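Below is one structure, written out as structure tokens, with a few remarks after it.
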Amino acid sequence: MSRLVMKFGGTSVANLDRIRNVARHVKREVDAGHDVAVVVSAMSGKTNELVAWCSDASPMHDAREYDAVVASGEQVTSGLLAIALQALGIQARSWQGWQIPIRTSEAHASARILEIDGGELVNRFKERKEVAVIAGFQGISPQTGRITTLGRGGSDTSAVAIAAAIRADRCDIYTDVDGVYTTDPRVVPKARRLDKIAFEDMLELASQGAKVLQVRSVELGMTQNMPIFVRSSFDKPEDIDPHGTPPGTLICSEEEIMESHVVTGIAFSKDEAQISVRQIEDKPGVAASIFVPLAEANINVDMIVQNVSEDGKTTDLTFTVPAADYARAKETITRARDKIGYARLDSATDVAKISVIGSGMRSHAGVAAQAFKALSEKSINIRAITTSEIKFSLLIDTAYTELAVRTLHTLYGLDQT
Ligand code: ADP
Ligand code: ASP
Ligand code: MG
């Protein structure tokens with residue numbers, strides 16, 4: 001007998017039929033004798049709708065009220081799934097974040113889980129064989145007693161955190177794809193499903209734009225050593241052997257992976273904006289005069305490139321920020337103009353970041369150089385580059401995103417054969 005967390009994303013609970021389908025997946029595992037906690041997302045599209053309502057009500061709304069509104073989507077699906085399970089004759093009870101409680105930081109809309117009391121859930125497994133159906137994405141701030149949410153895609157993190165709290169054997173993430181692929185299978189049909197991927201590689205894939213798992217959930221999986229299994233909710237529930245190994249991807253520690261390729265996968269993100277501060281006097285303190293105000297404004301700077309200006313005397317600094325922070329970043333730099341002392345500000349929002357990831361890169365030279373050559377052969381211009389031990393990222397024009405991803409996918413031998 002195992003203890004399992006089963007998480008179902010938005011498309012898996014998009015309507016009552018799908019919720020009934022989820023109930024059958026849960027029944028299968030309960031019938032096999034497992035203790036089960038389920039974590040659900042809101043119905044697909046619901047959270048977007050709730051977010052839009054908040055913005056429509058007032059663009060500068062109170063983050064505490066935003067959380068009160070957007071957490072409601074998961075309240076609905078957790079209750080409905082408990083009803084669907086009861087209809088199948090399974091003991092089930094729904095739980096919202098505050099009821100467990102899932103204690104989080106006070107950072108509304110991007111709260112971090114601090115502590116989960118899994119005791120009551122475990123008691124109920126033992127005493128009543130009761131399935132816990134938990135609303136994902138939400139918690140409660142002990143300081144204020146108010147509902148918090150964990151950031152978009154946060155139900156993945158709820159699931160892994162609950163798995164750690166109840167000492168589950170595994171955390172299954174059921175979604176609309178049957179695993180983690182070498183790149184988004186919706187963009188590259190030749191993408192290949194990975195049987196296993198190391199936490200580290202998955203962390204990079206997720207943080208560079210592969211939205212299949214929220215970054216924080218992978219971080220938690222890594223620190224708590226909780227195996228995460230990504231699988232499809234669209235397979236017929238009764239066709240799956242609860243003791244077998246269904247199609248899917250196991251995210252686990254590096255030691256468990258026998259075969260390691262130099263490149264594991266490619267991620268991309270179109271939510272980037274580029275800002276170039278032109279003709280700054282090249283002296284100590286210039287970078288600080290730009291990046292300290294941005295940090296104070298809580299703007300995350302990603303890629304940074306410094307080069308000599310066209311006049312040959314001054315310097316240009318180019319950096320990227322999340323597209324959502326673009327206007328604020330420009331405003332921050334403009335306000336600091338006297339202190340920085342620059343001639344011109346150029347910017348672009350039609351840029352995309354392509355990231356090539358693989359822990360095998362640690363021991364291989366020239367991996368990025370191959371990409372530069374392949375992209376130049378397709379006449380794709382690279383605006384900025386960053387590299388780290390197991391990843392490099394390239395900033396290009398958005399229009400070339402798909403072409404660049406496909407080109408690199410083939411280049412590194414990732415295509416399905
Ligand atoms: P859920 O609603 O179940 O949380 P998401 O939409 O958040 O699902 O995540 C699943 C989606 O992630 C897939 O439909 C797929 O398009 C996308 N995706 C991006 N990169 C990858 C990848 N490397 N492997 C698998 N899916 C990916
Ligand atoms: N419903 C939330 C969102 O759409 C959380 C999640 O689905 O993981 O962001
Ligand atoms: Mg998701």
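Being a predicted model, the structure only gives us computed values, none of them experimental. Just so you know, ligand 1 is whichever comes first in the structure, and atom 1 is the first atom listed for that ligand.
Interatomic distance, D35 CG to I166 CD1, rounded to the nearest 0.5 Å: 8.0 Å. Here the OG atom belonging to S44 is positioned 7.0 Å from the CZ atom belonging to R18, to the nearest 0.5 angstrom. Annotation: the span from F8 atom CZ to T77 atom OG1 amounts to 12.0 Å, rounded to 0.5 Å.
Judged by distance alone, the side chain of S158 and the main-chain N or O of G136 form no donor-acceptor pair under 3.5 Å.
Checked by distance only, ligand 2 and R152 come closer than 3.5 Å through their nitrogen or oxygen atoms. Between G153 and ligand 2, at least one N/O pair is under 3.5 Å apart.
No option in T249, T175, D172, D178 other than D172 meets the side-chain hydrogen bond (donor to acceptor under 3.5 Å, both in side chains) test with R231.
In this structure, R167 has no salt bridge (Lys or Arg N to Asp or Glu O under 4.0 Å) partners at least two apart in sequence or on a different chain.
Ligand 2 has G154 within reach: a non-hydrogen atom of the residue lies less than 4.0 Å from it. The closest approach between any non-hydrogen atom of E74 and ligand 2 is below 4.0 Å.
For the residue pair E200 / S359, no side-chain donor-acceptor distance below 3.5 Å is found, with atom types taken as modelled.
The protein residues lying under 4.0 angstrom from ligand 1, judged by non-hydrogen atoms, are K7, G9, G10, T175, D176, V177, G179, V180, Y181, T183, D184, P185, R186, A210, K211, V212.
Annotation for ligand 2: atoms under 4.0 Å from non-hydrogen atoms of S41 are 6 (C), 7 (O), 8 (O).
The option from A135, S155, S44, A159 that lies nearest to atom 6 (C) of ligand 2, judged by heavy atoms, is S155.
Annotation for C252 and I257: closest pair SG-CG1, 4.1 Å, computed over non-hydrogen atoms.
Relative to the six-membered ring of F125, R3 misses at least one condition, a distance below 6.0 Å or an angle of at most 45° to the axis.
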